[in-house]
Trainee: 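Next up is a structure, given as structure tokens.
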Amino acid sequence: MAYDAQEVETRWQKAWAKAGAFEVEVDHSKPKFYCLEMFPYPSGSMHMGHVRNYSIGDAMARFHRLMGSNVLYPMGYDSFGMPAENAAKKEGGHPHTVTHRNIASIRADQERMGYSYDWRRFLATSDVDYYHWNQEMFLMLNERGLVERRMAPVNWCVDCDTVLANEQVKNNRCWRCGLEVVQRDMEQWFVRMTEYSDELLDEIDNIAFPENVKAMQRNWIGRSHGAHIDFSVAGSDAVIGAFTTRPDTIFGVTFVTLSPEHPLCEELCTGSEWEADWRELRDECLRMSEFERINMLKEKKGVFLGRHAINPLNGEEVPIYAGNFVVASYGTGAVMAVPGHDQRDYDFAERYGIEIRRVLIEREGDDPTAPLSTAFEGYGPMVNSGIGDFDGLAGEVAKDTVISALEATRAGHGTVEYRLKDWLLSRQRFWGTPIPMIHCGTCGVVPVPSSELPVELPLDVTFSEEQSGNPLAAHDAFVNTPCPSCGEDAKRETDTMDTFYDSSWYFMRFCDANNNSAPFSREAVDYWMDGGVDLYIGGIEHAVMHLLYARFFTKATRDAGMNKVGEPFGTLVCQGMLNAPAPFCADCNAEYHVDNFDADCPTCGKSLGTRSVKMGKSLGNTVSPEEMIGRYGADTVRLFMLFGANPEVGMDWSDSAVEANHRQMHSIIDAIESALAMDNSPGPMDEWLNARLRANQRAWHQAMSNVSLREGVMISHFEILADWNWYRRRGGCDQATAKAFLQQWVPMLAPATPHIAEEFWQRMGGEGLLATHILPEPSDSSEDTSILAREAYLRNIIASGRNLRELAERHTEGEISRIVIQTTAPWKLELARDALRLHSEGFDFKTGGQAYVQSLEIFENETLRGEIFQTWMALTTGSKKKRGRVHSWAVAERTLISSGLDETAVIEANSAFIAAELGVSSLETYPAGEGEDVAGKAGLAFPLEPGIAFL
RNA sequence: GCAGAGGUACCCGAGUUGGUCAAAGGGGCCGGACUUAAGCUCCGGUGCUUAGUGCUUCGCAGGUUCAAAUCCUGCCCUCUGCACCA
């Protein structure tokens with residue numbers, strides 16, 4: 001057929017839309033399946049990374065529809081954020097305009113790919129219909145005490161003109177623009193996510209995320225158990241509180257270090273000879289960001305503060321230092337230093353000549369007085385404790401005992417610390433959800449009453465490149481408002497929300513997207529979200545940000561009674577990178593822009609090779625989806641995406657592979673057309689085709705259920721086609737068989753290539769739209785094993801015949817023209833059947849095998865005795881190199897032998913085919929011993945392995 | 001350093017409850033059929049060897065076993081995340 005992908009695909013896309021094929025409602029009579037791709041930011045047109053993401057999701061959505069599930073598969077856009085604002089500035093417009101233009105563009109691209117979204121649930125977070133509910137939920141969080149406004153040192157990006165959450169800072173650089181962030185103290189809005197730290201951490205064990213994502217989240221939350229210990233200062237009322245994860249090393253404390261900004265520093269050293277040194281160190285530290293303090297510090301420096309702290313357990317006085325490596329924001333900003341068992345403290349102690357004391361040994365019996373040449377940071381029995389019964393305790397027991405001792409003297413207690421911090425929500429930008437709060441001179445900060453929501457972003461703002469700061473702050477009509485509490489003039493909050501807030505609950509909004517009286521109804525969300533989103537697909541880059549916020553949010557709304565589940569996502573699939581070749585210099589280990597193909601390395605001048613790297617604008621190694629769809633059609637692109645690699649692994653773009661997949665499409669089309677044009681002549685291959693189809697259906701079903709899409713597509717688009725071709729080659733040509741075959745096969749093509757599947761569904765007279773068709777459970781037939789085994793037997797003969805032919809040619813003078821196949825001697829088959837029967841009964845061949853074979857009647861035959869014995873051994877115990885056949889035969893082969901397969905009959909029935917395949921003009925076959933032993937092959941003949949001679 | 005995932009034939013990639021594994025499938029390459037020819041399509045080949053045998057292979061080195069791609073130990077390398085975290 002002339003395959004006009006453009007025409008076929010757009011025609012069916014219209015038909016699906018017209019029929020509302022993908023529109024779903026709550027229906028308790030069916031199992032539900034919620035398939036979701038991570039919320040896209042509409043940055044213009046769709047790129048290949050999107051194509052991969054959605055092709056995976058759509059295949060799964062379509063598969064589950066075929067399986068009879070009620071599939072929720074929505075699409076919307078995470079459309080607030082900086083890029084639109086920057087674009088608006090550039091063109092002197094409004095981000096709203098930019099955003100809607102981009103949404104229209106990406107949506108058109110998605111529609112052209114034929115993704116089966118329920119477009120009625122479409123939403124954009126920058127539309128007031130959506131962010132209204134952001135605000136409503138913010139009031140809910142506020143009422144539940146989860147919102148806090150406080151002064152805090154924040155990460156500020158000068159370029160983006162706004163603060164960033166901790167998660168948005170990577171290597172001290174802004175995640176968006178890459179500029180280094182600076183520290184600023186500002187009044188900010190926080191969501192108290194840390195209230196849920198423990199649940200967020202503990203629940204990780206029970207969710208089906210990939211291990212790497214789980215590990216990242218655990219790391220990020222970073223719970224550590226330890227102790228808070230109070231060191232009082234000698235000659236003062238001051239107390240230094242320190243957090244440690246190693247209370248078992250308390251007797252090794254030989255100094256205490258404060259962060260230079262610690263308020264006690266000044267108090268302790270003012271007026272002393274050490275004050276000047278401390279001030280210098282503090283000022284130096286203030287000039288550094290926290291990141292530099294933690295990661296870039298080359299030199300550990302400290303100054304003595306002139307005072308001593310008292311170890312609460314043994315009363316010992318140790319010097320107090322200020323150290324540049326102690327960070328104020330972690331723990332208490334004070335460290336109890338144990339140089340014997342902490343490498344950093346060891347280095348510091350060595351430099352300043354402080355005592356290094358061993359209070360742990362590595363294993364029992366070690367010398368407690370052995371000097372340390374490096375810190376021993378592991379766990380081991382306590383030694384040299386000086387007081388109490390601590391010596392000998394190790395690990396958790398040691399920690400607990402020390403903590404109990406501290407608690408008894410009220411000098412400390414066990415604690416838990418987290419790395420996770422509260423979610424810094426406010427952004428000093430325009431294009432985000434306005435925080436619904438009002439600042440009143442009299443009443444302070446007052447929430448906007450729910451009845452007055454939404455607080456809408458003004459549309460009468462013109463953006464330009466000159467302006468800096470947040471245009472909202474300069475918009476009088478927005479800012480000025482009466483206080484909802486006292487009615488006096490007041491001012492609106494002009495900070496907007498981090499866009500991660502928008503994406504933290506959108507999956508629940510999709511359940512009830514058009515609700516205009518609440519964020520979502522409990523009924524809808526409990527139906528669709530039961531067990532979480534069943535399949536959530538997206539990039540690994542959201543492992544700690546979006547996925548953690550969304551988990552938190554779901555728990556917060558659950559506790560507010562809005563939904564039942566506490567974990568939003570069931571199975572999470574993180575799709576791998578999409579790579580494409582780029583010029584690469586092995587010496588410099590650097591990739592360059594595609595313009596440098598065939599050029600020399602711009603850095604070292606050597607000639608460039610290529611390497612597969614992530615597709616991206618910066619290297620220019622991108623491929624345009626539009627262009628590929630235009631050239632090959634959406635189905636080919638989808639097939640390539642699914643067949644190229646399994647979802648979670650990286651994948652290389654390859655032009656030749658895309659072309660190969662396009663050829664595959666043609667082959668499938670040709671095959672189906674041939675199936676539609678069959679004669680009405682039933683034959684022996686019909687049952688084989690059915691049996692193969694059933695086997696493939698079962699394997700396909702399993703692969704698809706496991707999101708092993710590559711494997712699934714391999715079956716639906718490659719294996720089944722190969723079977724069909726074999727059927728035809730073997731003379732299969734039955735209309736009824738072909739029709740039933742297509743009835744099953746064509747639907748299997750739909751998840752990956754829905755348009756061509758729908759086209760053929762119609763042409764073969766399928767009922768209704770394939771898009772809404774339900775495929776029955778894969779069936780089974782007890783006959784299948786032996787049907788398939790017979791054909792496999794035949795193929796085996798042809799395969800070994802081919803191998804042998806090559807060898808035979810070398811040993812034969814003249815042309816090879818005929819073949820003689822001697823099948824197994826009947827007595828060998830009988831022995832094989834006996835052996836199999838005994839094997840299935842658990843017979844021990846090693847002890848009883850010989851006696852058994854000798855007891856057989858046939859063993860009386862003296863001339864055969866030797867061969868009988870050899871055959872028996874080959875069947876049962878095998879040799880050193882080869883196991884007995886009873887062990888190595890597959891189930892199918894055992895079935896054939898046990899049923900007493902007449903090999904000669906099978907070969908005779910197919911002699912013309914075999915002869916043609918092996919390129920000989922005549923074929924003769926008989927059981928060994930019943931004819932001439934041509935070329936001495938009779939002895940080789942074995943059940944399922946006939947002796948083959950070419951002549 | 002810690003944690004997670006990996007290392008399979010020219011490339012990609014299955015296979016890891018030990019035996020049916022010289023190891024699926026695809027790409028590429030080689031050969032054949034078809035064709036005036038190229039392309040398409042179909043068929044076959046693609047570790048070495050051999051009238052169906054034998055040999056050497058699944059990061060490296062050992063070990064367990066009658067039997068290891070698969071299990072154990074050590075090592076090397078790649079990717080990802082965290083990191084002078086108290």
Side-chain angles (χ1 to χ4, degrees), chain A residues 170 210-220 222 224 226-227 229 242-246 249 257 259 293-298 300 323 325-327 330-338 342-348 377 417 419 540 543-544 574 576-577 612 643-646 648-652 654 656-661 663-664 666-667 670 708 710-711 713-715 717-719 722 725 728-729 799-812 846 877-885 887-894 917 919 935-937 940 945-950:
Chain A
K170 299 254 163 185
E211 282 308 316
N212 57 341
V213 174
K214 288 188 179 187
M216 279 190 247
Q217 293 217 348
R218 286 194 189 102
N219 258 327
W220 189 264
S224 52
I229 303 176
F243 173 70
T244 178
T245 55
R246 295 299 301 273
T249 63
T257 321
S259 105
R293 284 276 291 287
I294 296 173
N295 296 316
M296 305 294 186
L297 212 57
K298 287 178 206 84
K300 289 182 239 324
F325 53 88
V326 181
V327 180
Y330 192 90
T332 59
V335 177
M336 67 169 218
V338 184
D342 181 284
Q343 191 59 41
R344 189 190 56 192
D345 295 341
Y346 183 96
D347 296 343
F348 190 91
E377 296 185 321
E417 288 278 319
R419 189 176 170 279
I540 187 76
V544 282
C574 289
M577 296 277 178
S612 199
F643 186 60
N646 258 327
E648 58 281 355
V649 302
M651 164 175 191
D652 291 347
S654 151
S656 63
V658 180
E659 273 173 45
N661 285 125
R663 287 201 297 271
Q664 193 72 18
H666 276 281
S667 303
D670 290 346
S708 295
R710 203 188 120 87
E711 205 186 317
V713 166
M714 169 119 58
I715 294 165
H717 287 67
F718 291 80
E719 298 277 328
N725 287 336
R728 299 267 292 148
R729 209 166 135 199
S800 45
R802 270 201 193 100
N803 288 337
L804 289 170
R805 201 198 142 111
E806 205 184 313
L807 301 174
E809 272 166 356
R810 280 183 233 160
H811 292 256
T812 312
K846 270 188 186 146
T877 53
S879 63
K880 263 189 186 156
K881 308 235 161 133
K882 208 162 181 178
R883 292 187 89 208
R885 297 291 210 288
H887 298 102
S888 63
W889 272 324
V891 181
E893 292 166 321
R894 291 175 200 190
E917 288 291 312
K937 298 298 177 192
L940 283 170
E945 298 163 44
I948 299 172
F950 283 92

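Chain letters run A, B, ... following the sequence lines, proteins first and then strands; every chain starts at 1.
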Trainee: Can you tell me the pairing partner of B/A51 across any strand shown, Watson-Crick or G-U wobble, with both distances under 3.5 angstrom?
Mentor: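 Per the H-bond distance test, none.
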Trainee: Both distances under 3.5 Å, Watson-Crick or G-U wobble: report the partner of B/U57, or none.
Mentor: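 None - no nucleotide pairs with B/U57, as no candidate has both distances under 3.5 Å.
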Trainee: Strictly below 4.0 Å: does A/S667 bring a side-chain N or O up to OP1 or OP2 of B/C40?
Mentor: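 No, A/S667 has no side-chain N/O under 4.0 Å of OP1/OP2 on B/C40.
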Trainee: With sugar-phosphate meaning primed atoms plus P, OP1 and OP2, does A/R729 contact a base, only sugar-phosphate, or nothing at under 4.0 Å between heavy atoms?
Mentor: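 Answer is sugar-phosphate: A/R729 comes under 4.0 Å of backbone atoms only.
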Trainee: From B/A51, B/U80, B/A86, pick the nucleotide closest to the side chain of A/L804?
Mentor: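 That would be B/A51.
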Trainee: Both distances under 3.5 Å, Watson-Crick or G-U wobble: report the partner of B/C21, or none.
Mentor: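 Looking at the geometry, B/C21 pairs with no nucleotide.
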Trainee: Any side-chain N or O of A/R218 below 4.0 angstrom from OP1/OP2 of B/C82?
Mentor: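 Looking at the OP1 and OP2 atoms of B/C82, neither is under 4.0 Å from any side-chain N or O of A/R218.
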Trainee: Once you apply the 3.5 Å cut-off to both distances, tell me the Watson-Crick or G-U wobble partner of B/C82, or none.
Mentor: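 Base partner found: B/G1.
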Trainee: In whole angstroms, how far is the C1' atom of B/C43 from the CG atom of A/N725?
Mentor: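 Atom CG in A/N725 sits about 11 Å away from atom C1' in B/C43.
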Trainee: Could you let me know what B/G62 is paired to, Watson-Crick or G-U wobble, both distances under 3.5 Å, or none if it's on its own?
Mentor: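 Here B/G62 is engaged in a pair, and the nucleotide opposite it is B/C72.
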Trainee: Are A/E917 and A/R805 ion-paired here, with the side-chain N under 4.0 Å from a carboxylate O?
Mentor: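 A/R805 and A/E917: not salt-bridged.
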Trainee: Pick the P atom in B/G26 and in B/A37, then give their distance to the nearest Å.
Mentor: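 To the nearest whole Å, 28 Å.
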Trainee: How is A/I948 classified with respect to the nucleic acid when contacts are heavy atoms under 4.0 Å: base, sugar-phosphate, or nothing?
Mentor: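 Base, at least one base heavy atom under 4.0 Å.
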Trainee: Taking B/A9 as the reference, what is the distance to B/A5 when you measure between their C1' atoms (whole Å, please)?
Mentor: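 The same atom, C1', in both gives a distance of 23 Å.
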Trainee: Find out whether A/H717 and A/N661 are in side-chain contact, i.e. whether some heavy atom of one side chain is under 4.5 Å from a heavy atom of the other.
Mentor: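 Not in contact.
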Trainee: Contact class for A/D345 vs. all strands (heavy atom < 4.0 Å): base, sugar-phosphate, or nothing?
Mentor: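 Answer is nothing: A/D345 stays at 4.0 Å or more from every strand.
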Trainee: Determine the Euclidean distance between corresponding C1' atoms of B/A14 and B/G62; express it in Å to zero decimal places.
Mentor: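 Between the two C1' atoms, the distance is 28 Å.
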Trainee: Taking the same atom, C1', in B/U70 and in B/A22, what whole-Å distance lies between them?
Mentor: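 Here B/U70 and B/A22 have their C1' atoms 16 Å from each other.
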Trainee: Would you classify A/T257 as touching base, sugar-phosphate or nothing, given that sugar-phosphate means primed atoms plus P, OP1 and OP2, and contacts are heavy atoms under 4.0 Å?
Mentor: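 No contact at all - A/T257 keeps every heavy atom at 4.0 Å or more from the nucleic acid.
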Trainee: Taking the side chain as every heavy atom from C-beta outward, state whether A/R246 and A/D342 have any pair of such atoms under 4.5 Å apart.
Mentor: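 A side-chain contact under 4.5 Å is absent here.
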Trainee: So, under a plain 3.5 Å distance rule, would you say the side chain of A/R344 forms a donor-acceptor pair with the base of B/A86?
Mentor: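 It does, because a donor-acceptor pair links the side chain of A/R344 to the base of B/A86 below 3.5 Å.
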Trainee: Once you apply the 3.5 Å cut-off to both distances, tell me the Watson-Crick or G-U wobble partner of B/G31, or none.
Mentor: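 B/G31 is paired, partner B/C43.
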Trainee: Using the P atoms only, state how far B/C11 lies from B/C72, rounded to an integer number of Å.
Mentor: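 The same atom, P, in both gives a distance of 27 Å.
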Trainee: Determine the contact category for A/K214: base if any of its heavy atoms lies under 4.0 Å from a base atom, sugar-phosphate if only primed atoms, P, OP1 or OP2 are that close, otherwise nothing.
Mentor: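 Result for A/K214 = nothing.
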Trainee: Could you tell me whether A/S800 contacts a base, only the sugar-phosphate backbone, or nothing, with contacts defined as non-hydrogen atoms closer than 4.0 Å?
Mentor: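 Nothing, no nucleic acid heavy atom in range.
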Trainee: Are any of A/T245's side-chain N or O atoms less than 4.0 Å away from OP1 or OP2 of B/A86?
Mentor: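 Affirmative; the distance criterion is met.
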Trainee: Mind checking A/G947 for me? I need base, sugar-phosphate or nothing, with any heavy atom below 4.0 Å counting as a touch.
Mentor: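 Contact class for A/G947: base.
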Trainee: Reading nucleotides 24-34 of chain B from the 5' end, what letters show protein touch, with B for base, S for backbone sugar-phosphate only, - for no heavy atom under 4.0 Å?
Mentor: BBSSS------
Trainee: Base, sugar-phosphate alone, or nothing: which one does A/A543 contact when heavy atoms must sit under 4.0 Å apart?
Mentor: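 Since no nucleic acid heavy atom lies under 4.0 Å of A/A543, the category is nothing.
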Trainee: Can you tell me the pairing partner of B/A9 across any strand shown, Watson-Crick or G-U wobble, with both distances under 3.5 angstrom?
Mentor: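 With both distances under 3.5 Å required, B/A9 matches none.
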